There are 2 protein chains.
Amino acid sequence: MKQGVRNHLLEIAGRLFAERGYDGVTVREICHKAGVNVSAVNYYFGDKQNLYLEAVRVAARQRIEEVPMITWSADDPPAVKLRHYIRNLLQRVLLNGGADWQAQLIMSEVVKPTRACRRFVQEFVRPNFEVLLRLLRELVPEELSETGLYRVAFSIVGQCVYYRLCKGIVRNLAGKKLPSLVHLEQLAQHITEFSLAGIYTLIQRARQRRRRAQLMLESAS
Amino acid sequence: MKQGVRNHLLEIAGRLFAERGYDGVTVREICHKAGVNVSAVNYYFGDKQNLYLEAVRVAARQRIEEVPMITWSADDPPAVKLRHYIRNLLQRVLLNGGADWQAQLIMSEVVKPTRACRRFVQEFVRPNFEVLLRLLRELVPEELSETGLYRVAFSIVGQCVYYRLCKGIVRNLAGKKLPSLVHLEQLAQHITEFSLAGIYTLIQRARQRRRRAQLMLESAS
DNA sequence: CTAGAATTCAAACAAATGTTTGTTTGAAAC
DNA sequence: GTTTCAAACAAACATTTGTTTGAATTCTAG
């Protein structure tokens with residue numbers, strides 16, 4: 001049971017794939033860096049494709065294990081739930097204890113899905129998104145259209161994943177301010193406040209529209 | 001002056017590079033699809049690397065030409081300027097008349113910069129970001145820290161680029177709602193309202209904090 | 001201790017890939 | 001009419017790359 005090599009291979013391959021993409025890495029380099037023979041890839045994974053797929057799987061699994069989905073008590077106010085959700089998402093995408101490649105690899109698949117693991121990634125992302133939708137529905141009782149709700153959800157997710165997806169640009173633009181900028185708690189706090197404010201005004205707008213429409217209707221009848 | 005071949009090569013190569021990345025495309029395929037001889041790449045561009053770099057350059061230039069930086073009159077209220085800025089950014093990233101590959105190619109470079117055109121991309125992104133910063137400073141007179149300002153800026157940009165970067169996921173999650181979701185004007189309107197609300201509450205928070213701090217100071221002295 | 005399974009290894013293979021070469025073509029310049 | 005030159009092409013070159021093979025080595029269970 002020397003699965004040590006298999007795991008080591010997954011780790012090294014994951015790092016490299018995350019850094020340079022599937023085609024940017026050769027089996028030879030992976031094996032060399034892992035200190036094993038080239039044929040180890042074939043022995044343990046069959047071929048390169050499968051090694052890649054397995055690496056993504058491992059990355060996702062570890063990411064979920066390390067930052068499990070939040071479980072809130074039913075009587076938490078929705079606003080609190082939202083803060084938890086946002087911090088959770090931020091943790092998953094940008095707080096990675098030494099294993100930066102995991103989030104990176106998953107994100108690469110989200111941005112440009114490989115045929116090999118398209119379905120897998122969707123099954124990884126969709127549940128999280130639906131939790132967010134249900135949560136927002138609590139915050140926004142029926143005043144907002146379904147489309148509006150989705151836009152809000154995407155606004156929130158967009159703010160969070162930006163720091164990961166555009167890490168390079170963020171680092172460059174932020175300069176010395178970077179460390180304080182990406183401080184997890186503060187960032188979560190900012191995005192939550194920012195988004196809650198947006199949500200509340202959207203509710204108000206929707207209420208106004210509805211009231212106005214009702215007035216029109218009444219005056220017409 | 002048969003620069004037709006050169007341009008055609010750039011167009012085809014750009015499409016393919018955007019779709020499958022630098023290493024995912026071979027010179028042979030590019031030339032085959034362009035209907036020219038393999039050595040044309042060497043003849044016109046020296047090597048593959050340079051062809052790629054040139055393709056990115058062209059993409060950026062065309063993108064800028066097609067959607068030039070907004071010029072607003074100095075006495076426009078900042079909130080209006082912000083809406084213009086957001087619509088402009090959205091147009092650049094997701095409204096591309098038949099040339100989807102241009103925005104795609106640039107975004108790939110933003111997300112995972114190639115050594116070849118790292119500096120170039122920064123010079124493409126930074127000016128836009130600085131326009132946004134100046135604009136936000138008008139909206140948020142000194143109550144907000146520099147770090148806070150950057151966070152707001154990233155929140156806005158994040159919301160916009162999300163629809164491009166995670167296009168695949170958005171399409172999948174949105175389902176039939178996609179067309180109405182990514183309607184340019186409505187989307188710009190949403191992000192503007194959403195962000196303005198966030199900004200206003202942040203200002204209030206900052207004001208409250210400052211007032212409280214001042215009170216503490218006065219009562220202490 | 002030992003037979004058999006599991007693992008590792010060096011070498012080799014065929015296909016693919018970026019690049020180069022030598023030549024041809026067709027029209028412009030002299 | 002001769003020379004010049006950019007443009008295009010087929011063929012070939014030297015590597016690289018994913019994969020396979022078959023023997024050597026290590027492990028493990030009886």
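Just so you know, these numbers come straight off a predicted model, no measurement behind them. A, B, ... follow the sequence lines: proteins, then strands. Residue 1 opens every chain.
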In whole angstroms, how far is the [atom2] atom of [N] from the [atom1] atom of [X]?
| X | N | atom1 | atom2 | answer |
| --- | --- | --- | --- | --- |
| A:R28 | D:dT20 | CZ | P | 13 Å |
| A:R20 | D:dT16 | CZ | C1' | 14 Å |
| A:D23 | C:dA16 | CG | C1' | 12 Å |
| B:Y52 | C:dG18 | OH | P | 14 Å |
| A:F17 | D:dG18 | CZ | C1' | 12 Å |
| B:H8 | D:dA7 | NE2 | P | 17 Å |
| A:H32 | C:dA10 | NE2 | P | 12 Å |
| A:F45 | C:dT7 | CZ | P | 12 Å |

Candidates [options] - which lies nearest the side chain of [X]:
| X | options | result |
| --- | --- | --- |
| A:Y44 | C:dA12, C:dG18, C:dT7 | C:dT7 |
| A:V5 | D:dA10, C:dT8, D:dA8 | C:dT8 |
| B:Y43 | D:dA7, C:dT21, C:dT8 | D:dA7 |
| A:K48 | D:dT19, C:dG18, D:dC9 | D:dT19 |
| A:S39 | D:dA11, D:dT17, D:dT20 | D:dT20 |

key: Donor + acceptor pair across side chains of B:Q186, A:R151 (<3.5 Å)   = yes

key: Donor + acceptor pair across side chains of A:E193, B:T201 (<3.5 Å)   = no

ask   = Is A:N37 near enough to C:dT7 that one of its side-chain N or O atoms lies under 4.0 angstrom from OP1 or OP2?
value = no

message = I want to check one thing: is the phosphate of C:dG18, taken as OP1 and OP2, less than 4.0 Å away from some side-chain N or O of B:N42?
response = no

query = Is the A:F129 to A:F124 ring centre distance short of 6.0 Å?
reply = no

query = Does B:K48 count as lying over the ring of B:Y22, i.e. NZ or CZ under 6.0 Å from the six-ring centre, within 45 degrees of the axis?
reply = yes

ask   = Are A:R57 and A:F120 in a cation-pi setup, meaning NZ or CZ lies under 6.0 angstrom from the ring centre and within 45 degrees of the ring axis?
value = yes

